[in-house]
*Asks:* 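This is the structure I want to talk about, given as structure tokens.
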Amino acid sequence: MKILVGIKRVVDYNVKVRVKADQSGVDLTNVKMSMNPFCEIAVEEAVRLKEKGIATEIVAVSIGPKTAQEQLRTAMALGADRGILVETDEPLGSLAVAKILAKVAAEEQPQILMMGKQSIDTDNNQTTQMLAALTGYAQGTFASELTVAGDKATVKREIDGGLQTVELKLPAVISADLRLNEPRYAKLPDIMKAKKKPLDTKTPADYGVDTASKVKTLKVEPPAERAAGIKVGSVEELVNKLKNEAKVV
Amino acid sequence: MYFELTPEDEAFKNEVRGFLAEALPEDIASKVRLGKHLGKEDHQRWQQILAKKGWYAANWPQDYGGPGWSVVQKHIFEEEAAAAGAPRLVSFGVNMVAPVIMQFGTQEQKDYYLPRILSGEDWWCQGYSEPGAGSDLAAVKTRAVREGDFYVVDGQKTWTTLGQYANKIFCLVRTDPQAKPQQGITFLLIDMDSPGVSIRPILTLDGEHEVNEVFFDSVRVPVANRVGEENKGWTCAKYLLTHERTGQAGVGISKAALAHLKQVAGREMKNGKPLIEDPLFRLRLAEVEIQLLAVEISTLRILAAVEGGGAPGAESSILKIKGSEIRQAISQLLRQALGANALPFLQDQIDPDFTGEYRYTDYAAAAASQYFNLRKLSIYGGSNEVQKNIIAKMILEL
Amino acid sequence: MDFNLTEEQQMLQDMLSRLVRDHYSFEKRMSHYASQEGYSTAFWQQLAEQGLTGVPIDEAYGGFGGGGVENMLLMKELGRGLCLEPVLASQIFAAGLLQQLGNKEQKEKILPLVASGELKLAAALTETNSHYSLQHVACRARQQGDTWFLSGQKSVVVGGASADLLLVSARTAGEQGDPEGISLFLVEPWAKGVTRNAYPCIDGPRACDLLLDEVMVGRGGVLGKPGQVFTTLQYQQERAAAAACAEALGSMEEAFTLTLDYLKTRQQFGQPIGKFQALQHRMADMRGELELATSMTLLAASLADHPPSDERSRKLAASRFIITRAARFIAEQAIQLHGGIGMTWEYALAHHAKRLVMLSHHLGDEDTHLQRFADLLKAS
């Protein structure tokens, strides 16, 4: 069974981002970039399926600038077998990404398309759903548990106020939620091996996908500053403050 | 990760060295080494030599007659020139007003002024500081009032370096006294021989005439001499301050000064031995050399970042502080190395044209004067304290 | 000129920084400090599983064959977390000595166990009266047939408390200060005649004193040519010092960040104290020192594994000088800017400050390095 994992290069989750002076976006100069944390969970899940003998090949695919190959190498260090970089310097919208991934899927014919539920930079949470629609695959979003047996995948989904379990007939698109697993650290020998794994570079044009976006970003603003917190000395003091100052109890 | 130059840059360095060995006049290099002031003729002679080679306007884009060097090549040239004892270029024309004219000037201004800078026909000086506007540059008060096709300028500029040689001055003048300090300023180009312009020398503590006061008494300046829009002069001033700030630390100059210091310490004696063998003095030398090395590596890191598409940010403020401190420390050690022989103050022997016999030796004559003169390094171009404010604001976001 | 990391180096750094962040919170660090071993055996195990204990070891012996840059990345992240595991003492310094001086048999027997983290080493080179000099060796080894008998003392052997095998310098010829006549021996800490007195150091790691009384070492326990190891000791100490620069840099960055955050949150006189210029300037000075320290750590990393030369020694001494000075400056300023809270045991900053100041007591202080640079100063 082949698994295709989509991964995205985003600002590292530890970085405090800064909005550009002209409010056109987030300033990325000299900012540390990493793999989107939800994509890491997706990679980890694919690797675990391979370790269980269910998957036989893991292909990591990323759409982004040339530098996104760093994240593909990381995926390969974690256990992906090869990588595909669809190189573009344009920041693409979810639909364009989904269209490209659909074409890659058509070429690769994976049984499972594994994705992160959303990227921490744009927070759209829609590529998986669009991809399912475009490919006609079954979809299981917000997975917190995944079992694969035969041609079926059982996905425990995190939904508002509880869990829902669905059974999908493969091929399927599955998106990883936070609690699906805890991703491993790449081991040093695997980091060295990743260098030798194959990495193909393509362009959106190779797949005949029109990437023009219908959405225009007008303005990006930083969140309002939070006032400094305080440390209280005792439970009594806390209760007192909640009652009389915050007036919440 | 590697610190070495690429073979191409290494070849360029050799080319620069070869050129300097051949073209730099020894009499000029010797004055620079000895810490003497240079005369106008010295500066102009060296500029002409560079201009002939096409290397005078090293920072200019090729379209305007620059050599088209990379950031690293510019750095190499500056370092090598300094190490060889070439005078530091008087930057007011070629590296200060020229980039502003290129960025904000009209076609007529570009066509008129830039070739005259390149040929050395114009000598520019800077009309920024005023008695009431030093580190707080936006406090300039010199007034310019529009009268038809002219501005009428009244006021005073100060600390005008080498203004006595200049025929042009670029000025920040106030055109809107009601606006916020930064918003009512205009950038004007003024002929020094305009009626109403007068200049008075300021002697610095080393007895030298390097800086001046310039007075404007109803000076009529054509509106055509304004660069950029009225009241937008602060944009030009800021552009100038951020332009080409990789050479802030003056590593090449300090390296040359350190080499000179070592030579002197090899000749001066203490307890019957060359001073350089004195354990304490040697430690002091070692300390300053180590710091210089650290600043050099930091400069290279900034260069590499700029070459990779970044801009020299507020990090250059750090280099300005460290670089000026090191340069001052070297001049302090040079003064110290000379013992009591640093005391005699024979101004004729410091004169650039002195050809007579030195009281003691050539390298002693200007050492103490130069030490005092170099106190300016931590004051001008934004004092070191202002640099710390910049670091606090821009890097630390305090 | 290129200061960028390769893709692999970048991944190594990412992995390390996460590993430390996830597993070495300050609270955990303090419980490791208070534990029996004085460090985390579990974290050591994890370092081994990730292949990190093998970073500086040759590939031929099961390591990764990393150079100065890899060691820098490793130590910088461990420094950021104030990690207590003897990576520098064992994997970089002592293993470096073994790699350079050991014969094929010794290396094949020991290094794979070191690379896998199963065996920890420590170099016991300094003595009570040696200050930071490696040539002042009073400990003696006398030869009888194929066997050597070591007697004397070794003082403040960092990493020695947990070491499974010690590399002990002893004099086989010459007088106390001679560079000639120094030899290096492999000594098992539980061998007859060895007394090991372990204690914690004020900056965190454990160390020990060794008393050696007629300790027997066979022919297989002699490292390198007897009497001829001094220059190697010096070379490897410089190499370890380069890695120590990186460890300090990680800690400096952390102390700097903690202080900057504090200036932005602590309110006095109705505003964040970072609004006061006197404090801003101290912070700007710290930033300046950090900049130079970063540059010199990179320089040190790039030179650490170069063949021995005066130029290498000179620049490594310069690096150590700048870093030692910057470390103390940042530590002292950070405490001052924090005020009282910076003085407390319960706050991470105080422990960074101690590490940064006491760093100069490992492998040579400011004066040692300044003197070394001055000795090698080029006259023109």
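Residue numbers begin at 1 in each chain, while the letters A, B, ... track the order of the sequences.
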*Asks:* Which value, rounded to the nearest 0.5 Å, describes the distance between C:F3 atom CZ and B:F3 atom CZ?
*Replies:*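 Spacing of CZ (C:F3) from CZ (B:F3) equals 5.0 Å.
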
*Asks:* Taking atom CG of B:L300 and atom CG of C:L299, what is their separation to the nearest 0.5 Å?
*Replies:*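 One finds 10.0 Å between CG of B:L300 and CG of C:L299.
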
*Asks:* Got a second to check how far C:L279's CG is from B:L396's CG, nearest 0.5 Å?
*Replies:*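 Answer rounded to 0.5 Å: 12.0 Å.
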
*Asks:* Side chain, backbone, both or neither: which part of C:L5 has an atom under 4.5 Å from a heavy atom of chain B?
*Replies:*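 Just the side chain, heavy atoms under 4.5 Å.
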
*Asks:* Check whether any side-chain heavy atom of B:E315 lies under 4.5 Å from a side-chain heavy atom of C:R287, and answer yes or no.
*Replies:*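 In contact.
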
*Asks:* Tell me, do B:E385 and C:H281 make a side-chain contact under 4.5 Å, heavy atoms counted?
*Replies:*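 Heavy-atom side-chain distance check passes, below 4.5 Å.
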
*Asks:* Are there over 12 heavy-atom neighbours, none belonging to B:M269, within less than 6.0 Å of that residue's CE?
*Replies:*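 Yes, the 6.0 Å shell around CE holds more than 12 heavy atoms from other groups.
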
*Asks:* At a heavy-atom distance under 4.5 Å, which candidate from B:A304, B:A265, B:A294 has the highest pair count against chain C?
*Replies:*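 When all of B:A304, B:A265, B:A294 are compared, B:A294 has the most.
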
*Asks:* Under 4.5 Å from any heavy atom of chain B, what part of C:D375 do you find: side chain, backbone, both or neither?
*Replies:*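 The backbone, not the side chain.
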
*Asks:* In terms of heavy-atom proximity below 4.5 Å to chain B, should C:N4 be classed as side chain, backbone, both, or neither?
*Replies:*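 The backbone, not the side chain.
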
*Asks:* Please indicate whether B:R375 has more than 12 foreign heavy atoms, meaning atoms of other residues, nucleotides or ligands, lying under 6.0 Å from its CZ.
*Replies:*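 Atom CZ in B:R375 is crowded, with more than 12 foreign heavy atoms closer than 6.0 Å.
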
*Asks:* Does anything in residues 254-262 of chain C get under 4.5 Å of chain B by heavy atoms, and if so which residues?
*Replies:*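 Within residues 254-262 of chain C, near chain B: C:F256, C:L260.
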
*Asks:* Taking all non-hydrogen atoms of both residues, which atom of C:A318 and which atom of B:L293 are closest, and how far apart?
*Replies:*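 The answer is CB-CD2, 3.9 Å.
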
*Asks:* Let me confirm one number: the CD1-OG distance from B:I297 to C:S302, rounded to the nearest 0.5 Å.
*Replies:*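 Between atom CD1 of B:I297 and atom OG of C:S302 there are 7.5 Å.
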
*Asks:* With a 4.0 Å cut-off on N to O distance, would you call C:K378 and B:E289 a salt bridge?
*Replies:*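 Answer for the salt bridge query: no.
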
*Asks:* With only heavy atoms counted, which part of B:Q291 is less than 4.5 Å from chain C, the side chain, the backbone, both or neither?
*Replies:*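 B:Q291 touches chain C through backbone and side-chain heavy atoms alike.
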
*Asks:* Would you say the side-chain atoms of B:K388 pair up with the backbone N or O of C:Q277, donor to acceptor, closer than 3.5 Å?
*Replies:*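 The answer is no, because no donor-acceptor pair under 3.5 Å joins these two groups.
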
*Asks:* Before you tell me yes or no, could you show the steps for C:Q280 and B:N389 under side-chain hydrogen bond (donor to acceptor under 3.5 Å, both in side chains), namely the whole-Å CA-CA distance, both residues' side-chain angles and the distance that decides it to 0.1 Å?
*Replies:* CA-CA 7 Å; C:Q280 288 182 349; B:N389 290 348; over 6 Å; no

*Asks:* Taking the side chain as C-beta and beyond, is there a heavy-atom pair between B:K262 and C:L377 under 4.5 Å?
*Replies:*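 They are in contact (side-chain heavy atoms under 4.5 Å apart), so the answer is yes.
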
*Asks:* In Å, rounded to the nearest 0.5 Å, how long is the span from CE of B:M1 to CG of C:L298?
*Replies:*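 Nearest 0.5 Å value for the CE-CG distance: 5.0 Å.
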
*Asks:* Below 4.5 Å from any heavy atom of chain C, which atoms of B:I321 appear? Answer side chain, backbone, both or neither.
*Replies:*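 It is neither, since no heavy atom gets under 4.5 Å.
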
*Asks:* Can you say whether C:T294 sits under 4.5 Å from chain B via the side chain, the backbone, both, or neither, judging by heavy atoms?
*Replies:*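 Contact with chain B: backbone and side chain both.
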
*Asks:* In Å, rounded to the nearest 0.5 Å, how long is the span from CD1 of B:I391 to CE of C:M286?
*Replies:*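 If we round to the nearest 0.5 Å, B:I391:CD1 and C:M286:CE are 13.0 Å apart.
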
*Asks:* Which residues in residues 322-336 of chain C have a heavy atom less than 4.5 Å from any heavy atom of chain B?
*Replies:*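 Checking residues 322-336 of chain C against chain B gives C:I322, C:R325.
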
*Asks:* Side chain from CB out, backbone as N, CA, C, O: work out which of these in B:I395 comes under 4.5 Å of a heavy atom of chain C, or both, or neither.
*Replies:*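 The answer is the side chain of B:I395.
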
*Asks:* At a heavy-atom distance under 4.5 Å, which candidate from C:D285, C:V69, C:T6 has the highest pair count against chain B?
*Replies:*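 Highest number of heavy-atom pairs under 4.5 Å: C:D285.
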
*Asks:* Below 4.5 Å, heavy-atom pairs only: which of B:K322, B:E4, B:E277 has the largest tally toward chain C?
*Replies:*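 The option with the most such pairs is B:K322.
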
*Asks:* So which atom in C:L292 and which in B:S298 form the shortest heavy-atom distance, rounded to 0.1 Å?
*Replies:*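 Heavy atoms only, the tightest pair is CD2-OG, 3.5 Å.
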
*Asks:* Step by step, work out the salt bridge (Lys or Arg N to Asp or Glu O under 4.0 Å) result for B:R301 and C:E291.
*Replies:* CA-CA 10 Å; B:R301 282 174 52 222; C:E291 187 75 16; 3.7 Å; yes

*Asks:* Suppose a student defines contact as a heavy atom less than 4.5 Å from any heavy atom of chain C. Which residues in residues 279-286 of chain B would they list?
*Replies:*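 Residues of residues 279-286 of chain B touching chain C at under 4.5 Å: B:R282, B:L283, B:L285, B:A286.
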
*Asks:* Above 12 or not: heavy atoms from other molecules or residues under 6.0 Å from NZ of C:K275?
*Replies:*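 No.
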
*Asks:* For B:T6 and C:M1: C-alpha separation, side-chain torsions, deciding distance, then whether side chain to side chain contact (heavy atoms under 4.5 Å, CB included) applies.
*Replies:* CA-CA 7 Å; B:T6 60; C:M1 206 164 73; over 6 Å; no

*Asks:* Tell me, please, which residues at least two apart from B:V264 pass side-chain contact (heavy atoms from CB on, under 4.5 Å).
*Replies:*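 With sequence neighbours excluded, B:V264 shows a side-chain contact (heavy atoms from CB on, under 4.5 Å) to B:H260, B:E268, B:L334, B:A337, B:L338, B:Y363, given in chain and number order.
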
*Asks:* Can you tell me which portion of B:E307 sits under 4.5 Å from chain C's heavy atoms? Options are side chain, backbone, both or neither.
*Replies:*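 For B:E307, no heavy atom lies under 4.5 Å from chain C.
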
*Asks:* Side chain from CB out, backbone as N, CA, C, O: work out which of these in B:I318 comes under 4.5 Å of a heavy atom of chain C, or both, or neither.
*Replies:*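 Only the side chain of B:I318 comes within 4.5 Å of chain C.
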
*Asks:* What part of C:F321 gets closer than 4.5 Å to chain B, counting heavy atoms only: side chain, backbone, both or neither?
*Replies:*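 When you check distances to chain B, only side chain atoms of C:F321 fall under 4.5 Å.
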
